[in-house]
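Reminder, nothing fancy here: chain letters follow the sequence lines and each chain counts from 1. Values in this document were obtained by computation on a predicted structure and should not be read as measured data. For the numbers below, each heavy atom of this structure counts, side chains included, while hydrogens, waters and symmetry mates do not.
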Amino acid sequence: MISLELYNYWVVIFLMMAGFYILITSNHLIKKIIGLNIFQTSVFMLYISMGKVAGGTAPIAVEGVSNYSNPLPHVLILTAIVVGIATTSLALALVIRIKEAYGSVQEDEILEMDQIADHGKAEDEDNQADSSGASSK
Amino acid sequence: MLVFTTIAIVRLRNLFAIVMLSGIYSLLLANIFVTLDAVDVAFTEASVGAGISTVLMLATIGITGYDIKARSNIRRLVPLIVVSITGAVLVYGTMDMPAFTDAMAPIHQHVAPRYIIDSPQEIGIPNMVTSVLASYRGYDTMGEVIVVFAALVGVLSLIGIRETKVVPNYLEPPARPILQVMAKLMIPFIILFALYVQFHGDFGPGGGFQAGVIFSVAIILYTLTFSQYDGMRLMPPKILKILAASGVLIYGGTGIWTILKGGTFLNYSVLGDTSVAGQHLGILVIEFGVGLTVATTMMLLFFAFVSRGDSKR
Amino acid sequence: MNLIIDGLSWICLLIGCALGLSGAIGIFRFKEFYSRLHAASITDTLCVFFIACGLVLQSGFSLVTVKLVFMVVLLWLTGPVASHALIRAAYQTGLKPRLALSEETTSPRGKSST
Amino acid sequence: MMFAVTTLAILVIMGIALARAFLGPSVYDRILAVNMFGTKTVLFIAVYGFLTERPDFLDIALVYALINFIGVIAVLKFVERYPPPAASNED
């Protein structure tokens, strides 16, 4: 029933879950982004490992070889990697702005500040003015 | 190979925000891609994962600081349970999947044989990845290029580029003479190599995405070893912004060109005398557009992050 | 003829592997950063050279050979420079080598070498 | 056969370097391990190309040789500019 032929999926699932776990538990926003990256790469690996054919070689035509791996997943992942770095940089830019607005990149501290800003408006007037002033800069 | 990565990830959970390990992780990943025959993907992962993303991560960490305060450890167990259950369900789901390297898997049945068997004749270039990327799935690639461009616009509108007015004193002896001499030696070769990858992508692994990243890496090396002022004088961000947009325009313009020639959008067969020549020309132009956009985007991202870090200190 | 080439490339590859392994053991076992760097950077260059030699002997004369030669040249240029930059950064940010000599003799030495 | 042996040896070396990257007490140990790892990756790809009898893929190895250098330089620059607290002085 359980065959070892499926191990590539298990590795992918393990990576995916590790990334997911980092994403949930970690407190630091940059670490969350790294977790997201790991999640992303697990998807890359899923595609690439599905494209592999036993006995095939890289999909660049040469004389006398007829068994190639599937080029389609390669194309999808190739573009996905470049898009992935672009989106990662967007996330990092957001982190920088958060750091400038809140002075922190710890998730719980940011949530705390939000709480104060939302519920304690009367007594924390200056605090909110601070953060909104910083974010509109 | 796969086991190495999993170990790396298990340990990565324990070590906090160590970008070094994510660099190693991406090197490993690229190794795995090579062993799984995905040379083009390994190429991209090599240049993007180990080079650019490490640099950007470090720039951000430099701005936000290294310190990590651990959250109070009450909520460790629940996520672990959630993750384990999700993983178990996914593992159960794989029981019906085709076995690894099975040539009869559904993924290899529908369009893939057409790409493999027909593309060397139809497009006339041996690298199937390039032909699929630029010709058969040209719409997808155009979308990806636009996404990259949109991300660039997002980053620029979020943090922007602050041009430095600090002119380095050229009369002083340089701080790192050996590195600067090395960089002077290396940069021409890197740029030459980027051009080789750009225009040799039809025959070997390579193409616009990889070449763009490699080209921008040369400029990043220059900026790192000399100064930010020098880097920005060499590649002024204003011009880079225009070039990034024009890369996308080249791509879209090729589509319009094919329409004007009487074909459909991004059908290059009408561009040349024969359909193979047309495809060849179209792919070259498209790859050039992609390379231009990617290279300028990566440079602008780098400048944006680095100048942000400098202006704060 | 073929046998000789095979044998030579076997020898080259094995020497390369042995050097690489010794470097790896060095980087793992040594107690201090500078000795680790010493172990790693010195073995790396020769290891690259021998393995590339073994591969060149196998590939014959073709484009692959040229690429291999390029690879060796690049690694030889970049490897020592990277090690140099690494040592420099480590030294300047305050990671001092632990020498077997006494404190009095180490500190002027450290100053004179910068 | 000989390529298989070499590949295996390189894999072992990579594993040891990885261990140093995990353990490495200071930042520089990790950078050193990454550098070594990169060099060995270059060799691995070169040898693997011969192992699978498609040695045309040395381009990737070349890219690694370049990128690895630049990565190390970038890391060092950032470490110099923003020295990590309390990570540099223990060995």
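At least one donor-acceptor pair closer than 3.5 Å links the side chain of Glu287(B) to the backbone N or O of Gly208(B).
Chain A forms more heavy-atom pairs under 4.5 Å with one residue of Leu152(B), Val48(B), Ile52(B) than with any other, namely Val48(B). Counting heavy-atom pairs closer than 4.5 Å to chain A, the top-ranked of the candidates Val213(B), Ile159(B), Val82(B) is Ile159(B).
Contacts of Met298(B) with chain A are made by side-chain atoms alone, with heavy-atom separations under 4.5 Å and no backbone atom involved. For Leu90(B), the parts lying near chain A are the backbone and the side chain together; criterion is any non-hydrogen pair under 4.5 Å. Heavy-atom distances place both the backbone and the side chain of Val41(B) under 4.5 Å from chain A.
Residues Met57(B) and Asn37(A) meet the side-chain proximity criterion, which asks for heavy atoms closer than 4.5 Å.
Phe149(B) CZ: more than 12 foreign heavy atoms inside a 6.0 Å radius.
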Under 3.5 Å donor-acceptor pairs involving side-chain atoms of residues 77-87 of chain A, not counting sequence neighbours:
residue, atom, partner, partner atom, Å
Thr79(A), OG1, Val75(A), O, 3.2
Thr79(A), OG1, Leu76(A), O, 2.9
Thr79(A), OG1, Glu144(B), OE2, 3.2
Thr87(A), OG1, Val83(A), O, 3.1
Thr87(A), OG1, Gly84(A), O, 2.8

**Request:** Check the pair Phe33(B) / Phe44(A) against side chain to side chain contact (heavy atoms under 4.5 Å, CB included), numbers first and verdict last.
**Result:** CA-CA 9 Å; Phe33(B) 287 157; Phe44(A) 298 167; 3.9 Å; yes

